[in-house]
Amino acid sequence: MPRRRGNAQQPQHRAHLPASICQLLRIPLPSPPIVDESAAISYSPGLMSAPAPVRVRFAPSPTGYLHVGGARTALFNWLYARRTGGTFVLRIEDTDNARNSQAAVDVILSGLRWLGLDWDEGPLTGDADGPVKGAFGPYFQSRRGEIYRRRAEELKAKGMAYEKDGALFFRMTRDPVTIPDQVVGDVVRPLTDREAVDPDWVLIRSDGVPVFHFVNVVDDLEMGITHVIRGEDHLSNTAKHIALFRAFGAEPPKYAHIPLILNLDGSKMSKRDQGASVQSYVDEGYLPEAVINYLSLLGWSSKAATNELFTRDEIAPLFELADINRSNARFDLKKLEHFHFEHARRLSPERFVSIGVEALKKVGIETAGFDPAYVRAALLTAQEKGKLFKELPIWTDFYFVNDDAVVYDAEAKTKALTPASVSALEQLASRFQSLPEYTAAALEAALKGLATELGVKVGVLIAPCRVGCTGRTVGPSLYHLLEVLGRDRVARRLARARTVAAS
RNA sequence: GACCCUAUCGUCCAGCGGUUAGGACACCGCCCUUUCACGGCGGGGACCCGGGUUCGAAUCCCGGUAGGGUCGCCA
């Protein structure tokens with residue numbers, strides 16, 4: 001008997017309302033005092049046989065940073081929406097007013113934008129009262145108070161909620177709740193011993209602020225969310241959510257709880273941990289496509305694909321909830337770096353150069369004063385060298401300094417720029433100077449020819465030449481970098497190197 | 001403490017009753033290149049433990065152990 005992969009069976013619990021009604025309405029029938037507001041809710045019997053269009057959401061709380069786990073949750077939701085032609089909603093869970101700020105929301109929006117995870121509905125800016133797209137707003141929970149109050153009244157009217165100590169309590173079911181999960185299958189969640197003492201829980205605090213479980217369910221309900229794809233840390237709580245949906249007479253959405261992302265040592269990843277914040281990838285010079293690629297493979301793998309290198313648009317059509325893993329994954333920076341390298345080498349020259357120029361600018365290397373063709377050629381000699389854009393300067397900085405300002409690495413200098421190399425430097429300079437064509441091939445032939453004539457190993461010539469022109473013992477292919485540097489620059493650098501070597 | 005989820009190389013995944021247990025990253029060696037890389041070839045490295053079921057278990061069941069999660073007038 002194969003293991004259950006969840007979606008094989010239907011939820012067992014469509015209680016309270018005849019299935020046909022639930023099916024037909026999709027969204028629960030508003031009970032008495034309920035408003036209409038359903039700009040986008042359509043009761044179209046003619047469409048009832050068609051599967052409901054998928055509506056998923058990412059609902060982050062503005063904590064000041066975008067966690068990789070959150071980013072992956074957003075990614076999975078995005079992928080599922082794209083794969084099904086559904087709608088990806090962004091909703092800001094800022095109920096806890098005290099610690100929310102527009103800046104904290106901006107961090108989330110810019111992080112998602114950097115990753116390329118565009119949302120179909122939601123805020124356009126971090127301003128809770130700012131512009132939005134979509135007909136199910138407001139998309140900031142802090143602006144949905146009226147809706148929560150109305151839903152609270154509904155529950156009270158139904159006898160499902162009662163006031164005590166100034167707070168509003170929900171009459172939680174005492175029975176075990178079955179959570180049909182698309183990833184782990186049916187999960188039966190009985191009350192824990194502590195819950196059994198008093199199963200009811202708070203919907204609205206005595207200060208009037210509604211709690212997470214309540215607003216989360218109300219919003220999913222009001223926004224017509226069909227699939228809830230979220231972290232496994234919410235699995236147990238889903239019993240509360242399902243109970244609430246039922247109290248509203250509504251069919252809960254389908255659930256898919258995805259495993260968590262842990263540190264390499266298996267501990268929980270928190271704000272300070274390496275790689276926890278999406279912003280750190282921006283700062284380190286990672287390509288967003290690399291981060292997307294890596295994250296997509298953490299907890300998911302395609303049965304259809306034969307390789308691991310994808311762009312998000314390539315993943316989307318392959319993305320099935322049934323292919324999501326059940327066990328937590330550990331975050332391995334090394335593998336992310338590998339994906340970055342693979343994506344970086346596939347970058348178009350134009351894009352590689354423009355990102356490279358920015359990376360250099362970040363550390364104070366200005367390329368604007370150089371011929372664009374030179375800048376381009378220079379950077380492209382390093383496209384398959386370093387792993388991160390952060391490292392680009394150590395491969396290419398020498399291209400952008402004056403010929404008399406090349407900085408010689410101390411060790412390289414004592415090794416390669418010695419009196420013994422003076423003659424080599426002079427003869428090389430002379431050979432290069434007389435070359436009719438200043439190309440990598442010609443330069444290589446000239447250098448190797450000279451080595452043969454002199455009866456020395458090419459390394460004897462290469463080392464002083466490289467150090468003289470770049471200041472380092474490692475770098476891009478020597479002949480190519482010489483070609484890019486060009487006749488004049490090389491001549492000046494070799495001359496200076498000769499002088500330095502002689503002293 | 002109670003409840004829930006999970007368990008294959010160091011890491012991420014494949015495997016869904018019969019495989020020499022496969023791939024990727026990382027690691028080691030060799031080749032290429034007299035730079036560093038890339039690339040090529042090769043290597044070491046895993047089914048958490050114990051019981052069942054079965055002719056046969058990494059795969060199914062039970063128990064244990066371990067890791068993670070939840071049990072808030074946090075989200």
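These figures come from a predicted structure and were not determined experimentally. Per chain, numbering begins at 1; letters A, B, ... match sequence-line order.
In this structure, Ile324(A) places its CD1 atom 12 Å from P of A14(B), rounding to the nearest Å. Here the C1' atom of nucleotide A75(B) and the NE2 atom of His234(A) are 7 Å apart, to the nearest Å. Rounded to whole Å, atom C1' of C71(B) lies 13 Å from atom CD1 of Ile179(A). C16(B) atom C1' lies 9 Å from atom NZ of Lys303(A), rounded to whole Å. The interatomic distance linking Leu203(A) (CG) with G72(B) (C1') rounds to 14 Å, in whole Å. In this entry the distance linking CD of Gln383(A) with P of G39(B) reads 14 Å, nearest Å. Here C12(B) presents its C1' atom at 12 Å from CZ of Arg72(A), a figure rounded to the nearest Å. In this entry the distance linking CZ of Arg326(A) with P of C16(B) reads 13 Å, nearest Å.
Under the rule for a side chain to side chain donor-acceptor pair (under 3.5 Å), the partners of Arg376(A) that lie at least two apart in sequence or sit in another chain are Glu350(A). Listed by chain and residue number, Gln427(A) satisfy the side chain to side chain donor-acceptor pair (under 3.5 Å) test with Ser423(A) (two or more places apart in sequence, or in another chain). Annotation: side chain to side chain donor-acceptor pair (under 3.5 Å) contacts of Ser236(A) (sequence neighbours excluded): none. Residues that satisfy the ring-ring contact (aromatic ring centres under 6.0 Å, His included) test with Trp395(A), not counting sequence neighbours, are absent from this structure. Scanning for salt bridge (Lys or Arg N to Asp or Glu O under 4.0 Å) contacts around Asp207(A) gives Arg205(A), with sequence neighbours left out. Scanning for side chain to side chain donor-acceptor pair (under 3.5 Å) contacts around Thr452(A) gives an empty result, with sequence neighbours left out.
Backbone-only engagement by Gly299(A) is indicated by non-hydrogen atom pairs under 4.0 Å involving sugar-phosphate atoms exclusively. Residue Asp233(A) is in sugar-phosphate contact alone, with no base atom involved, counting any heavy-atom pair closer than 4.0 Å across all strands shown. Counting non-hydrogen atoms under 4.0 angstrom, Ala329(A) reaches the backbone sugars and phosphates but no base. Counting any heavy atom pair closer than 4.0 Å across all strands shown, Arg472(A) reaches no nucleic acid atom. Across all strands, His213(A) comes closer than 4.0 Å to base atoms (heavy-atom distances). Looking at heavy-atom distances under 4.0 Å, Ser327(A) makes contact with sugar-phosphate atoms alone, never a base.
Taking the ring centre of Phe169(A) as origin, the terminal cationic atom of Arg171(A) falls outside the region bounded by 6.0 Å and 45° from the ring axis.
The salt bridge (Lys or Arg N to Asp or Glu O under 4.0 Å) analysis of residues 329-341 of chain A, with sequence neighbours excluded, yields the pairs Glu308(A)-Lys335(A). Sorted pairs that involve residues 441-474 of chain A and meet ring-ring contact (aromatic ring centres under 6.0 Å, His included), not counting sequence neighbours, are lacking altogether. Within the structure, the salt bridge (Lys or Arg N to Asp or Glu O under 4.0 Å) test picks out the following pairs touching residues 461-476 of chain A (sequence neighbours left out): Asp397(A)-Arg472(A).
For G22(B), the paired base is C13(B) (Watson-Crick or G-U wobble, both distances below 3.5 Å). Taking a pair to require two hydrogen-bonding distances under 3.5 Å in either a Watson-Crick or a G-U wobble arrangement, U34(B) remains unpaired. Pair assignment for U53(B) gives none, since no Watson-Crick or G-U wobble pairing has each distance under 3.5 Å. Summarising the base pairing, G42(B) is matched to C28(B) through a Watson-Crick or G-U wobble pair whose two defining distances lie under 3.5 Å. Across every strand in view, U70(B) sits in a pair with A2(B) that passes the Watson-Crick or G-U test at under 3.5 angstrom. A 3.5 Å limit on both hydrogen-bonding distances identifies U65(B) as the Watson-Crick or G-U partner of A7(B).
Across the C1' atoms, A58(B) and C16(B) are found 10 Å apart, a figure rounded to whole Å. G29(B) sits 10 Å from G44(B) when the C1' atoms are compared, rounded to a whole Å. When the P atom is used for both G45(B) and A21(B), the distance is 13 Å, rounded to whole Å. Distance noted for atom P between G43(B) and C3(B): 49 Å (whole Å). For the P atom pair drawn from G15(B) and U8(B), the interatomic distance equals 14 Å after rounding to whole Å. Here, C48(B) and C12(B) have their P atoms 14 Å apart, quoted to the whole Å. Comparing the same atom, C1', in C62(B) and in C71(B) gives a spacing of 27 Å after rounding to whole Å.
Closest contact between the side chain of Val211(A) and the listed nucleotides A75(B), C12(B), C71(B) involves A75(B). Nearest to the side chain of Glu93(A), among A75(B), C38(B), U6(B), sits A75(B). The side chain of Ser61(A) has A75(B) as its nearest neighbour among A2(B), C73(B), A75(B). In the set C73(B), G39(B), C13(B), the nucleotide with an atom closest to the side chain of Ser301(A) is C13(B).
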Could I get a table of every N or O pair under 3.5 Å where one atom is in the protein and the other is in nucleotides 61-68 of chain B?
unit_1 : atom_1 : unit_2    : atom_2 : d
G68(B) : O2'    : Asn328(A) : ND2    : 3.0

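Residues Ser277(A) and His67(A) bring no donor and acceptor atom of their side chains to less than 3.5 Å of each other.
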Seminar exercise, completed: Expected string for nucleotides 44-50 of chain B under the B/S/- scheme (protein heavy atoms, under 4.0 Å, primed atoms plus P, OP1, OP2 as sugar-phosphate) is -------
Exercise. Base, backbone or nothing for each nucleotide of nucleotides 21-37 of chain B, written B, S, -, heavy atoms under 4.0 angstrom, 5' to 3'?
Worked result: --BBSS-------BBBB
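Taking 90° from 0 as the syn/anti boundary, the base of C38(B) is oriented syn.
Taking the centre of each ring, Phe319(A) and Trp300(A) come in below the 6.0 Å mark. Ring centroids of Phe88(A) and Tyr80(A) are separated by 6.0 Å or more, keeping the two rings apart. A ring-centre distance under 6.0 Å is found for His213(A) and His241(A).
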For this session: Start with the C-alpha gap between Tyr281(A) and His340(A), add the side-chain angles, then the distance that decides, and say whether ring-ring contact (aromatic ring centres under 6.0 Å, His included) holds.
Result: CA-CA 11 Å; Tyr281(A) 302 108; His340(A) 178 270; over 10 Å; no
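Counting distance only, with no hydrogens placed and no angle test, the side-chain atoms of Ser236(A) and the base atoms of C71(B) include no donor-acceptor pair under 3.5 Å.
Checking the phosphate oxygens (OP1, OP2) of A14(B), a side-chain nitrogen or oxygen of Asn325(A) falls inside 4.0 Å.
Mapping Asp165(A) and Leu297(A) onto RNA chain B by nearest heavy atom places Leu297(A) closer to the 5' end of the strand.
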